Number of protein chains: 2
Amino acid sequence: MTQGTQGQGSTTSTLWDRTRQLAAQEILQTALRLFTQQGYDETTIAQIAREAGVSQRTLFRYFGTKEDLIGGSQERFVTLLTETVREQPADAGAWEALRAAFKAALSLHTGPEQALERLRLVHHTDSLRAAYLGKRVRCQEELLPLVEARLAPSAPVRGQARAIVATAFACFDAATATWLEGNGQGDILDLYDQGLAAVRS
Amino acid sequence: MTQGTQGQGSTTSTLWDRTRQLAAQEILQTALRLFTQQGYDETTIAQIAREAGVSQRTLFRYFGTKEDLIGGSQERFVTLLTETVREQPADAGAWEALRAAFKAALSLHTGPEQALERLRLVHHTDSLRAAYLGKRVRCQEELLPLVEARLAPSAPVRGQARAIVATAFACFDAATATWLEGNGQGDILDLYDQGLAAVRS
DNA sequence: CGTCTGATTGGCAGAGACTGCCAAATCTCC
DNA sequence: GGAGATTTGGCAGTCTCTGCCAATCAGACG
């Protein structure tokens, strides 16, 4: 590693953080490969660390949890979601804003191939699915005030915003599950629209 | 368990299973008491076993998981839900059937006091909330075919049933959260109706 | 009543995730 | 090249959970 002294690259700091990021990615790729090869529960931290060439201790320093090896990327997901909602024009309604956020979030997927593989893994592993749902709930709570500000001020119903946000996410999940069931056939956002339309008919 | 010579008794059976059930309840009460006293994560299995007067090994034989000490009662919840949906009159729509199921499930709570305490515990402990959500998803999947049979056969939209079930549960969760936020003020089913109305407006 | 069978329990060892602690290696800056 | 800061690795330990085996206990049979 040590590329010598070398200059200051374009982006930022110290050529050292770059090594760190490389190591992190190495760990991540190894983990993902093993997870898809032999299953999440059947893969031990020790094995990942060994094959990635780091100690267990450092692996836990990079990713605090085994679940974070998959769900860690959901961090970006969450921030993108909230920021997209926040950036929507002021006259956009709650449903519109949420839909735009989902659309933006879906663009994070590098390709349908990898998305299918990753989503399948999460959906078929109980512990991963549970962890994902937990983070999702926290994300909903973050979104709550932003959505509340976009409701018609005429009728302030108790728990209205919460119901709307929860419903949007539920339909998004349903769309993902349906998409997964059909092996990636169609577009998730279309399925979301259809599901929501069926609900609000 | 060999029913042995059978009993005849209505519910009881061998006087021995009764002891078992007693032990199980003893464990459960101890666990719940400790959880509410000092928190879920701060309570160890060893402590529960010690104070309940059993070995760790038997505790794990009764309840396979630490989470099951709380979520185990959700089993009844799930079965009641599915059976209530199944028992609804044939002409009841999907929304009606789901609402009836939630109403029936809510009647399981012994009182608002205990319900509040229990729900608060689950909602405020990350691991418990995640486990609860995981079981909830499985429950949704069980309900899926039952609800699908109650949809208007005219327009078979892909993923329609899944979106509806997910939405119903989402609104139920939102209602529970709102109810919890208001310290048990009002009726959960009313909040559910209001939330769903806000969504389907 | 003694014994025998089958189920339950308890203790022990161990796997696996995760955390604190301390020494060694490494990078940065002078 | 050396001082200081950061990172890494290894070790020990906690906690949940599982497999294994001996000890125990309720009931059945002679």
Side-chain angles (χ1 to χ4, degrees), chain A residues 1-9 12-24 26-27 30-31 34-35 38-72 125-128 130-131 134, chain B residues 1-9 12-24 26-27 30-31 34-35 38-72 125-128 130-131 134:
Chain A
M1 331 282 139
T2 106
Q3 231 7 322
T5 49
Q6 194 27 315
Q8 39 350 1
T12 45
S13 41
T14 68
L15 152 123
W16 196 50
D17 298 349
R18 256 174 293 165
T19 310
R20 267 180 72 86
Q21 286 201 349
L22 248 165
E26 168 69 21
I27 295 174
T30 307
L34 292 175
F35 287 163
Q38 33 176 299
Y40 178 79
D41 291 321
E42 287 70 32
T43 305
T44 70
I45 292 284
Q47 188 183 11
I48 300 171
R50 203 182 323 127
E51 300 206 13
V54 296
S55 73
Q56 288 192 34
R57 198 64 191 80
T58 36
L59 195 154
F60 276 118
R61 263 194 276 261
Y62 277 77
F63 308 90
T65 303
K66 186 181 179 186
E67 284 153 1
D68 283 350
L69 284 167
I70 287 198
T125 308
D126 278 13
S127 46
L128 282 181
Chain B
M1 311 269 165
T2 106
Q3 252 352 338
T5 49
Q6 147 101 293
Q8 57 342 320
T12 52
S13 65
T14 73
L15 154 127
W16 197 54
D17 297 350
R18 256 176 291 166
T19 310
R20 267 180 72 87
Q21 287 201 348
L22 248 164
E26 168 70 21
I27 295 175
T30 308
L34 292 174
F35 287 162
Q38 34 176 292
Y40 177 79
D41 290 322
E42 287 70 32
T43 306
T44 69
I45 292 286
Q47 188 182 10
I48 300 171
R50 204 183 323 126
E51 299 207 13
V54 295
S55 73
Q56 289 192 33
R57 197 66 192 76
T58 38
L59 194 154
F60 276 118
R61 264 194 274 262
Y62 277 78
F63 308 90
T65 304
K66 186 181 180 186
E67 285 153 0
D68 283 350
L69 285 167
I70 286 197
T125 309
D126 278 13
S127 47
L128 282 181

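Residue numbers start from 1 in every chain, and the chains themselves are labelled A, B, ... in the order their sequence lines are given, proteins ahead of strands. Keep in mind it's a predicted model, so treat the numbers as computed, not measured.
What separates NZ of A/K66 from C1' of C/dG16 is a distance of 8 Å, to the nearest Å. Taking atom CD of A/E42 as the reference point, atom P of C/dG16 lies 11 Å away to the nearest angstrom. Residue A/R57 contributes atom CZ, which lies 13 Å from atom P of D/dT7 at whole-angstrom precision. If you take CZ of A/R20 and P of D/dT8, they are 5 Å apart, rounded to a whole angstrom. Between the C1' atom of C/dC18 and the CG atom of A/L69 lies a distance of 13 Å, rounded to the nearest Å. Nucleotide C/dA17 holds its P atom 12 Å from the CG atom of A/L128, rounded to whole Å. If you measure from atom CZ of B/F60 to atom P of D/dT16, you get 7 Å, rounded to the nearest angstrom. Rounded to whole Å, atom P of D/dT16 lies 11 Å from atom CZ of B/R50.
Among the atoms of the strands shown, none is found under 4.0 Å from any heavy atom of A/F63. Heavy atoms of A/S127 sit nowhere under 4.0 angstrom from any nucleic acid atom.
A/I70 CD1 to A/T65 OG1: the interatomic distance, rounded to the nearest 0.5 Å, is 12.5 Å. The OG1 atom of A/T30 lies 10.0 Å from the CD atom of A/Q47; values are rounded to the nearest 0.5 Å. Here the CG-CD1 distance, from A/L59 to A/I27, works out to 4.5 Å after rounding to the nearest 0.5 Å.
Between A/L69 and A/I48 the shortest side-chain heavy-atom distance falls below 4.5 Å.
Side-chain nitrogen and oxygen atoms of B/Y62 include at least one within less than 4.0 Å of the OP1 or OP2 phosphate oxygen of C/dT9. Considering only side-chain N and O atoms, B/T58 lies under 4.0 angstrom from the phosphate OP1 or OP2 of C/dG10. In terms of phosphate contacts, A/R61 brings no side-chain nitrogen or oxygen within less than 4.0 Å of OP1 or OP2 of C/dC18.
Between A/A23 and B/D41, it is A/A23 whose nearest contact on DNA chain D lies nearer the 5' terminus. Position along DNA chain C of the nearest nucleotide to B/L59 versus A/T44 favours B/L59 as the more 5'-ward residue.
Comparing D/dG10, D/dC15, C/dA17 against the side chain of A/S55 picks out D/dG10 as the nearest.
Annotation: cation-pi pair A/K66/A/Y40 present, NZ/CZ under 6.0 Å from the ring centroid and within 45° of its normal.
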